[in-house]
Amino acid sequence: MQLTFINGSPRGKNSNTGKFMDNFIRGFLETDGNNCDVEYLVHHRKDLDRLVTIFSNSENVIIAFPLYVDAMPGSTKEFMEALVPIAHTGTIPALGFMSQCGFPETHHLRFVERYLEKYTRKLGCNYIGSIMKGGGEGLHIQPGFLVEKSFELMYEIGLEFGKTGSLNPILLEKLAQPESLEIQQIQGLVPYVNEKLWDGWLAENDALDKSFDRPWD
Amino acid sequence: MKILIFNGNPDVNDVQFDTGITQFANQLTDTGHNAEIVNLREKNIRPCTGCFKCWIKTPGTCVIKDDAIELSEKFIHSDHVVLASPLMMGYFSALLKNALDRSIPNLHPHLEEVDGEIHHKKRYDTYPDIGVLLKREESTDQEDIDIVTDLCTRMCINIRTSLSFVHFIEDSLQEAVNAVNIH
């Protein structure tokens, strides 16, 4: 089975999306005869045509991106628009998606997920499905066992996909935990993330005292 | 009211769309508003790189020095912002989405609870209401409209404002004008 994995993260090779991708691909490649090509969208922005050709020559494609303002980043949408000329042609791959967001709840991704399924239909591709994961930012401040669990699930989802060509819905649901949070959980989590992640980064940049600056007031 | 219209039509040959936007702006001006159209395709707006420097290094200002900085300021100084785009495969043009991605300096990185979900804190006390003006594609059906409307609603929750309307330029523009007026 052949897979082209298109990493749409604007951060390129140094992204959280890439960490999830790596584990998925590790699982996918466990099946003999499978091969996977990784393409970074940031390297193709000046010439999307070449990536469109790579797309149409693929058997399966997964496009991965971080959630930006509730949808795909503008640069990922540029590529999705570049695919329009090959819609409903004979040589298009099966298409799936992977997305992660910084918000801890995977619920934030469910709206763009509906769009991605519809987009795939508009393009005329068979829809593989979407792998959705909340809590994708600040992996370094999260308990190690939780991060490992997510990576392991990505591996298992990749493994199953490599064997069957399908995404296992039970594994997708496990990966997506927590889908949403109770108020008490939010109240426990938010101060930790604000202090450890954001204030930590602000302090590293000597910008903690400027955190609430309002340049346009 | 100060109304800013982001025209996200990438196609200079789609005269119907641009004419509709101009008519819409004129109708707003006729009812006493100050309406300004920004043609995004004439602006230099590079895509967000996800560096977070606008949150952790130069809070409130993007480090990419291009036209998005000026738009970010205009956004905050408006009472109402209208996002205008022809639907392209069922969603905003990449041109408009790239501009929206560059608006995050106007939020604060800290999280807080909003109606049972986690969202970012506000950087400013108030934000302009958001209206959305679209143009249907040949294939646009009710499912597309529901999906894009939900994406707009979610975006407005996340950027801490409210969605005033989603209308189509091929329908009555008066309805969109009324929606701005009552909001």
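Note: hydrogens, waters and symmetry copies are ignored here, and every other heavy atom, side chains too, is used. Order of the sequence lines fixes the chain letters, A, B, ..., with proteins taken first and strands second; residue numbering starts at 1 for each chain.
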Would a 4.5 Å heavy-atom cut-off, applied to side chains only, mark A:E117 and A:S130 as touching? no
Relative to chain B, which segment of A:R110 carries a heavy atom at a distance below 4.5 Å: side chain, backbone, both, or neither? neither
Would you say the side chain of A:F24 lies within less than 4.5 Å of the side chain of A:L3, judging by non-hydrogen atoms? yes
Measure B:L111 against the heavy atoms of chain A and call it side chain, backbone, both or neither at under 4.5 Å. both
Relative to chain A, which segment of B:K53 carries a heavy atom at a distance below 4.5 Å: side chain, backbone, both, or neither? neither
Segment of B:S72 engaging chain A (4.5 angstrom heavy-atom cut-off): both
Proximity breakdown for B:N106 and chain A, heavy-atom pairs closer than 4.5 Å: side chain
In residues 15-23 of chain A, which residues are in contact with chain B at a heavy-atom separation under 4.5 Å? none
Closest-packed option against chain A by number of heavy-atom pairs under 4.5 Å, given B:M89, B:M88, B:H120, B:M155: B:M89
Examine whether an atom of A:L189 lies under 4.5 Å from a heavy atom of chain B, and if so say whether it belongs to the side chain, the backbone or both; otherwise answer neither. side chain
Which pair of heavy atoms, one from B:K97 and one from A:A71, lies closest together, and at what distance? CE-CB, 3.8 Å
Considering the options A:E113, A:H108, A:H107, which one meets the side chain to side chain contact (heavy atoms under 4.5 Å, CB included) requirement together with A:F111? A:H107
Tell me, out of B:D125, B:L95, B:L107, B:D146, who's got the most heavy-atom pairs with chain A below 4.5 Å. B:D125
Can you say whether B:T153 sits under 4.5 Å from chain A via the side chain, the backbone, both, or neither, judging by heavy atoms? neither
What part of A:I183 gets within 4.5 angstrom of chain B, counting heavy atoms only: side chain, backbone, both, or neither? side chain
Residues in residues 205-217 of chain A that sit under 4.5 Å from chain B, counting heavy atoms only: A:N205, A:A207, A:K210, A:S211, A:F212, A:D213, A:R214, A:P215, A:W216, A:D217
Measure A:S180 against the heavy atoms of chain B and call it side chain, backbone, both or neither at under 4.5 Å. neither
Check each atom of B:I76 against the heavy atoms of chain A and say whether the ones under 4.5 Å are side chain, backbone, both or neither. side chain
Name the member of A:L197, A:D199, A:V193 that forms the most heavy-atom pairs with chain B at distances under 4.5 Å. A:D199
Are B:L71 and B:L40 close enough that some pair of their side-chain heavy atoms sits under 4.5 Å apart? yes
Given a strict heavy-atom distance threshold of 4.5 Å, which part of B:D115 is in contact with chain A: side chain, backbone, both, or neither? neither
Part of A:E105 within contact of chain B (heavy atom distance under 4.5 Å): side chain
Under 3.5 Å, which donor-acceptor pairs link side chains of residues 61-70 of chain B to any protein atom two or more places apart or in another chain?
{"unit_1": "B:K65", "atom_1": "NZ", "unit_2": "B:C62", "atom_2": "O", "d": "3.2"}
{"unit_1": "B:D66", "atom_1": "OD1", "unit_2": "B:A68", "atom_2": "N", "d": "3.0"}
{"unit_1": "B:D66", "atom_1": "OD1", "unit_2": "B:R102", "atom_2": "NH1", "d": "3.3"}
{"unit_1": "B:D66", "atom_1": "OD1", "unit_2": "B:R102", "atom_2": "NH2", "d": "2.9"}
{"unit_1": "B:D66", "atom_1": "OD2", "unit_2": "B:R46", "atom_2": "N", "d": "2.8"}
{"unit_1": "B:D66", "atom_1": "OD2", "unit_2": "B:R102", "atom_2": "NH1", "d": "2.9"}
{"unit_1": "B:D67", "atom_1": "OD2", "unit_2": "B:N44", "atom_2": "N", "d": "2.7"}

Contacting region of A:F103 [heavy-atom separation from chain B under 4.5 Å]: side chain
Between B:C48, B:S139, B:P10, which residue shows the highest count of heavy-atom pairs closer than 4.5 Å to chain A? B:C48
Contact check, side chains of B:F165 and B:V82, non-hydrogen atoms, under 4.5 Å: yes
Whatever's closer than 4.5 Å to a heavy atom in chain B on A:V84 counts as side chain
Toward chain B: residues of residues 36-55 of chain A with heavy atoms under 4.5 Å: A:R45
Ring-face cation of B:R160 near B:Y127 (centre distance under 6.0 Å, axis angle within 45°): no
When you compare the side chains of B:D129 and B:H80, does any donor N or O come within less than 3.5 Å of an acceptor on the partner? no
For B:F52, does the six-membered ring have the charged nitrogen or CZ of A:R11 within the cation-pi criterion, i.e. under 6.0 angstrom from the centroid and within 45° of the normal? yes
Please classify the contact between B:H108 and chain A as side chain, backbone, both or neither, with a heavy-atom cut-off of under 4.5 Å. side chain
